[in-house]
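Heads up: the structure comes next, in structure tokens.
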2 protein chains.
Amino acid sequence: MTFLTHIQSIIPVSEELRDALHNITLIKTVKKGQLLIRAGEYCHDIYFVESGLLRGFYYQEEKEITNWFAREGEFATSFYAYITKATSTETIEALEDCELLQLPYTNLQQLYTRFPETERLGRILTENYYVKLEGRLLGLQFTTAKERYDNLVKQNGPLVLRAPLGQIASYLGITQETLSRIRAKQ
Amino acid sequence: MTFLTHIQSIIPVSEELRDALHNITLIKTVKKGQLLIRAGEYCHDIYFVESGLLRGFYYQEEKEITNWFAREGEFATSFYAYITKATSTETIEALEDCELLQLPYTNLQQLYTRFPETERLGRILTENYYVKLEGRLLGLQFTTAKERYDNLVKQNGPLVLRAPLGQIASYLGITQETLSRIRAKQ
DNA sequence: GCGGTTATTTGACTTATATCAAATTCCAAT
DNA sequence: ATTGGAATTTGATATAAGTCAAATAACCGC
């Protein structure tokens, strides 16, 4: 799924807008293990994942807590830091070699001004992410660790094979020992 | 905090836009205990709370789970249902007598089209709600029941006095017995 | 392929919070 | 003020998941 296809599924893209989108984005390739943003830095960019897998995590008393995964066709950024212009508490790491499109903040703001229809794009993307997040919150609050894992597998099957156990466990809000035991019982 | 003041703190409001905002919103007063949307219905409106207190909740095995509270100066809707046009799983209830501004979906869509700068408004409001929700998710995942309650009191002090214990407990993801015990220890 | 690091599994024990049940307090309508 | 029902508190017990520690297993660079 390319960037343009993804955008076109949300708003109509004119010739002009297509050129603009092309001009304001940068192609970025990163190797497995590389960091895109470190905790404490400012977050100037949104990334669109063309291929590969990223994760966002932060430190909670020495431990890494994975906050999200982003696969092909998804956007990734330290959302809070990007929106509020505060320093990021998150670190973003490539879990695999990735091909990314980088969308710098100032370019995006110019895009919003020059093509007001892209405000809609921003709004709809944010709405979609909100709805997803809300679903996750409810799951966290009212399902057992096993149910959460089963749901993740159902919705995100292959992801489970691509990311290490400890990262998936912290994403689900459980320890890796607990996740290991859940897996052991089939 | 009036609706207009709130909007003006986010985007500049022209004479024209102000009139439009006035024309597309309806004043609605509801009495304590009244329901604005029931689970299973479609959600056609966003409400802005001029005064009073609302909550959104849904049923989880016979029990009511409070999903959010909305006070003066905040927006309220069954977000998922409003965005996706699916039927709502949430019920919205007035916890106090309320004065609301009602913003019907079709009117809002027309506003977006007629005043493209309002797309920015929609985007920014959604972004803000996303950031809030993310904070809540992290809290839920990595703090104890007591810490979550203390944070709620810190951030939302008076709310705690306005809503009944059971509703606050389910919002925090704990049972009312646990919340009662937390309160008992100061 | 070998050695060393890192990730995962397994075990024993602890703890926060849930559950079920009963007692008490609060409050609104008469 | 009195009363009945709801909300809250308190108590006893159960349980899911955490913690700490050690044993395996998987992976990576040489």
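In what follows, chains are A, B, ... by sequence order, proteins preceding strands, each numbered from 1.
Remark: of the listed residues B/R71, B/R162, B/K32, B/R162 is the sole one forming a salt bridge (Lys or Arg N to Asp or Glu O under 4.0 Å) with B/E96. Here the options are B/F69, B/F57, B/Y58, B/W68, the test is ring pair (Phe, Tyr, Trp, His ring centres under 6.0 Å), and the partner is B/Y171; only B/F69 passes.
A/T91 places a side-chain N or O within 3.5 Å of a backbone atom of A/A39 that can act as its donor or acceptor partner.
Put simply, CG on B/L140 is 14 Å from P on D/dA17, counting in whole angstrom units. Atom CD of A/Q167 is separated from atom C1' of C/dT8 by 14 Å (rounded to the nearest Å).
The overall bend of the helix from C/dG1-D/dC30 to C/dT30-D/dA1, read as the angle between its terminal helix axes built from five base pairs each, is 60° when rounded to 10 degrees.
The 12-atom threshold is not exceeded at CZ of B/R38, counting heavy atoms of other residues, nucleotides or ligands nearer than 6.0 Å. Within a 6.0 Å radius of NZ in B/K63, no more than 12 heavy atoms belonging to other residues, nucleotides or ligands are found. The number of heavy-atom neighbours closer than 6.0 Å to CD of A/E16, taken from other residues, nucleotides and ligands shown, is 12 or below.
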Worksheet item: If the sugar-phosphate is the primed atoms plus P, OP1 and OP2 and the base is the rest, what is the B/S/- string for nucleotides 10-25 of chain C, using protein heavy atoms under 4.0 Å?
Response: BBB----SSBBB----
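Inspection of the A/T126 and B/T126 side chains reveals no N or O donor paired with an N or O acceptor under 3.5 Å.
Cation-pi check for A/K85 over A/Y82 is met; the charged atom lies under 6.0 angstrom from the ring centroid and within 45 degrees of its normal.
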